[in-house]
Structure formats: structure tokens, C-alpha cells
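A short write-up of the structure that comes next.
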Amino acid sequence: ADGLRAAVAERSRFALAAEIIGPHHAYQFKGTLVDERPLGDGDLAIWRACTARFVQDVHSLYGGAFTDAMLEARCPEPALAVRFHVEEIYVQTPGPAAGRRLYPPEGT
């Protein structure tokens, strides 16, 4: 959290990468940090649900190749919640469209 705070304070820019496991659709969201705050109970519930979905999705692809503990270790408990204004969205899925800006549409 401290490293994130320092980087954002210096640049005021923020980026988030997100992937849908299985079909491996990946996107990058870029923008400006709006605010940050300590985690609330609702935030932790969302994190737990996302971690459980990650574990389930990897198991559906790779069977018993990984233990739950191994997969859960890839999703450390978050240290803070952030909200940012998304200004650009890019395709990060490997392939010919990788790096293409989706929003705003290229050429605008």
C-alpha cells in the first residue's frame, strides 16, 4: 500500500489489469486515482469471492495440479481500496489485437 500511495502521489496515474481465466481475455484500464481508503467488510467479502472464483477457475482448467493453498497465495489480502476514473481501456489478450485501445476508440 505504501509503494502504491507513493507512486500515485508522484504521478496521479493509475492502471489496473484484469483477466478472465479460461478464455484468457485480458484488459488494462488506465486513469487517474480518485481516492483511496481502508478496506471495509464489503471489500473483504468481494476479495474472498474473487479469490474463490480464481481457485475454482484454475481447478477447472488444470484439475488437481495446484492445491487451494497454492492458488490462494496468488491472491494476497488487499491493503487498501482504491477508486479511479477510467480514461482509457486497452486489449491485453495475446494476439493481433493486443495493445489496441478500446476506449476511447482509436482515432478519436
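In this chain, numbering begins with 1 at the start of the sequence shown.
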Give a yes or no on whether [X] and [Y] share a hydrophobic cluster (residues Ile, Leu, Val, Met, Phe, Trp, Tyr; joining criterion: side-chain heavy atoms under 4.5 Å apart).
X     : Y      : result
Leu16 : Leu102 : yes
Ile20 : Val58  : no
Leu44 : Val82  : no
Phe14 : Leu39  : no
Ile46 : Leu80  : no

Are the side chains of [X] and [Y] in touch, meaning some heavy atoms are under 4.5 Å apart?
X     : Y     : answer
Lys30 : Glu87 : no
Gln92 : Tyr27 : no
Leu71 : His59 : yes

Whether the side chain of [X] engages the backbone of [Y] through a donor-acceptor N/O pair (distance < 3.5 Å, no angle test) should be reported.
X     : Y     : answer
Thr32 : Arg13 : no
Gln28 : Tyr90 : no
Arg53 : Gln56 : no
Asp43 : Gly40 : yes

For the residue pair [X] and [Y], what are the closest heavy atoms and their distance?
X     : Y     : answer
Ala26 : Thr93 : N-OG1, 2.7 Å
Ala18 : Phe29 : CB-CE1, 4.2 Å
Phe84 : Leu33 : CB-CA, 3.8 Å

_Reported CD-to-OG1 distance for the pair Glu72 and Thr51, which is rounded to 0.5 angstrom_ = 7.5 Å
